[in-house]
Every structure is written in C-alpha cells, then in structure tokens.
2 protein chains.
Amino acid sequence: MLDLSRYLPYLLNRAGAHIASAFNRRVREYGITLPIWRVLAALNHRDGQRISQLAEMTAIEVSTLSRVINLMVRKRLTGRRRSGGDARAVTVHLTAAGRMLTRRIIPVAREYEAVALAGFSKAEADMLRAMLVRLYGNMQRLDAALEIVAAE
Amino acid sequence: MLDLSRYLPYLLNRAGAHIASAFNRRVREYGITLPIWRVLAALNHRDGQRISQLAEMTAIEVSTLSRVINLMVRKRLTGRRRSGGDARAVTVHLTAAGRMLTRRIIPVAREYEAVALAGFSKAEADMLRAMLVRLYGNMQRLDAALEIVAAE
DNA sequence: TATTGTTATACTCTATAACTATA
DNA sequence: TATAGTTATAGAGTATAACAATA
C-alpha cells in the first residue's frame, strides 16, 4: 500500500521535527525560541531583509512573523526600517545585541548539525544538502504552478 | 560565520515545511488535517499501535495526539481498545471508514512525493531516504543521551 | 486595483503539570 | 513509586480576513 519506511515526506518530517525540537529546547537557555533563532540566522546570513523574504527563508507565515519581529524588537534584538525604494516595504535589521547573541549561538548550532551528521562522510553530507536544495526547488515550482491554477 | 545555504537543519526545515504545508492544503479537500493524515498513515503502516508509539512515528506530542485521536474517533476514523498485556495502555485501530479514506488519499500522497523527487534518479532518491533514516537515528541517540544527563 | 505589512480572530499545537488507573 | 494515557491551562503558531499605507 504505502511503505512509510520509504515514504519521503514522512522521513523528512520525522528527521526535521526531531532536530528542531532538540534545538528548540537548547536555545531556550539563551532566552529565545526556535522561530526567533531562525530569524536571527536569516538576518545573520543577510541583514536588512524584507518581511516577505524572511517569511520565505524561515518558513514562518507572514502574519506570525510580523509578531515574532515585534517580540524581537521588544527584546532589542532587531529593528525595523522603511525601505528606500518602496515605502510600503519594511526591512529588518540586527541590533548589536542581536548580532552578539547570534554569534554566541552559532557554535551551538554547529554542534547540533555535527550530531545530526555523525557518521556521514563529507561527500555524503554535501550530497544530502544538495538533494534538499533540489527538493525545495521542486516544491517552489509546485507552489508557483498551483498559484496559476488558483488565479484561473 | 554560519553559511545558511549549507546549514543542514535549515535546509531540512525549509524542505520539510514546504512539502508539509502544500500537502496540508491538499488533504483539507478530504475533510482532514495533516496531523490526522499522519496518524492514518502510521496506522495503515501498522494497525493497533499504542499512543506513545504513534507519537514517536508522527512527531506529535502525546497530549496533542490524545486529542487528535479524540477528533478521529468522533469522525469515526479510528477506535480505541484496551491493550491485552498492560491494562494502562491503549491501542488505536482504523475503522473501515478510516481504512477507506486512507486508501483514497494514498495516491495523492504518492503524487506529492513524486513532485518532490522530480528529476531524482531512483538511486538518488534511495540514498536520500537512507540518509534521512541515519540522521533520525543520530537524533534519537542524542535524545537518549540527554535523558541520562537529565536523570543525574 | 494590487501589494506590503500589521492587526484581529478562531482554531490548533506545544509545554507543563495535575490527574486517573494500573504496574 | 513509576508508567500510560487523559485533561487543563497558558503561551505560540496557523489560517483567514480586514485594514492602512503605498504603488
């Protein structure tokens, strides 16, 4: 019928959920939650992103993200600025405190990645990364196709 | 600092969250949610599992799962039975309606897996599955190690 | 008119703990 | 005492839609 032990969405969810909940428990020690860490990591990657870009990167809904950012602003981790080009858009920026906290957590994040990849060769780990990127691209193309159908 | 485009937990979350939310929208057409589908798929794999086993398989918290099962019982998709050996334990079973609904959704689930794996060779897809299983095993070993530390 | 982001609402999930029944 | 599961509660997240400001 459906062999769950070979069903990719199942395997993906199980692995992802376990690493996420383990890391969520860990970042609590730094006074933040996993969604906040995701925003910090996204801004560390590229500062000054717009809400819609951050939502895409962190896989957090725009309306949820807007309130996560509120919380982060109250914690003095980020600030909002009106974007130059489009006055509707807002860009989000790390504060000095936000950058410092991110730097403290990065080594912990690397630890968890190392635990997850224990026993993997470098080539295997790279192949896994590349396949997850391709898989994401496939799902984005599906989203785009469904949007066209919905618009009809 | 931290190269997000090569950071495994990020890639895993992004791919998993996108396929999950796409499939969640789809199963709504069948009057159920993604957590309910996960329980159906787990019971289709092996019927009569205990709550704790289902929680592990579906990555849903036990207390949340207990209420998901309540909902499924009200929808006549599953039933509860007292387990023979241990009278504390409860086993969950698909009803005929639950089995029928699962059978209807399985082809749709396969479709989504096929979309996610578009462009992958069979060997690549199998390698991805195997690596996700290993990754999950690594995280389970971490959980076990942390429990020992917590007990001390 | 369409888009960007914020806010409101109801619902769902999580985390924690209290509770019942059994071991 | 410990374990399996249920229920209660508060805090977050999701989904949807209404809204303000701007394009």
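Fair warning: this is a prediction, and the values are worked out from it, not measured in the lab. Heavy-atom basis, side chains included; hydrogens, waters and symmetry copies ignored. Each chain gets a letter, A, B and so on, in the order its sequence line appears, and its residues count up from 1.
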* Nearest-nucleotide comparison on DNA chain D, the residue closer to the 5′ end among A:L65 and A:D86 -> A:L65
* To do: Identify, between A:V62 and B:E61, the residue whose nearest nucleotide on DNA chain C lies closer to the 5' end.
  => A:V62
* To do: Using a cut-off of strictly less than 4.0 Å, decide whether B:T64 has a side-chain nitrogen or oxygen near OP1 or OP2 of C:dC13.
  => no
* **Criterion side-chain contact (heavy atoms from CB on, under 4.5 Å) against A:L43, the qualifying member of A:T91, A:L94, A:L77** => A:L94
* Atom CH2 of A:W37 and atom C1' of D:dA12: how far apart are they, to the nearest Å? -> 20 Å
* Send over the distance from B:N70 CG to C:dC13 P, rounded to a whole Å. => 12 Å
* Return the nearest nucleotide to the side chain of A:S66; candidates are C:dT7, D:dG13, D:dG5. => C:dT7
* B:N24 has an atom CG; how far is it from atom P of C:dT12, in whole Å? -> 12 Å
* Whole-Å distance separating the NE2 atom of A:H18 from the P atom of C:dT14 -> 12 Å
* Asked: Atom CD1 of B:I51 and atom P of C:dA21: how far apart are they, to the nearest Å?
  -> 18 Å
* Between B:Y30 and B:W37, is the ring centre distance below 6.0 Å? -> no
* Going by modelled atom types, is there a donor-acceptor pair between the base of C:dT14 and the side chain of B:S63 at under 3.5 Å? -> no
* Asked: How do A:R82 and A:A59 order along DNA chain D: which one's closest nucleotide is nearer the 5' end?
  -> A:A59
* Structure fact -> Separation of D:dA15 atom C1' from B:R28 atom CZ, nearest Å, is 8 Å
* A:L54 CG - C:dT4 P separation (whole Å) -> 14 Å
* Asked: Which part of the nucleic acid, if any, lies within reach of A:R80 when heavy atoms closer than 4.0 Å are counted: base, sugar-phosphate only, or nothing?
  -> sugar-phosphate
* Asked: Within the side chain of B:K75, is there an N or O that forms a donor-acceptor pair under 3.5 Å with the backbone of B:G31?
  -> yes
* To do: Just call it for B:R67: base, sugar-phosphate, or nothing, with non-hydrogen atoms closer than 4.0 Å on any strand.
  => base
* Quick one: does NZ or CZ of A:R38 land under 6.0 Å from the six-membered ring centre of B:Y10, within 45 degrees of the ring axis? -> no
* More 5' along DNA chain C: A:S21 or B:R88, using each one's nearest nucleotide? -> A:S21
* For residues A:N138 and A:R141, is any side-chain donor paired with an opposing acceptor at under 3.5 Å? -> yes
* To do: Please report, rounded to the nearest Å, how far the P atom of C:dT14 is from the CZ atom of A:F23.
  => 19 Å
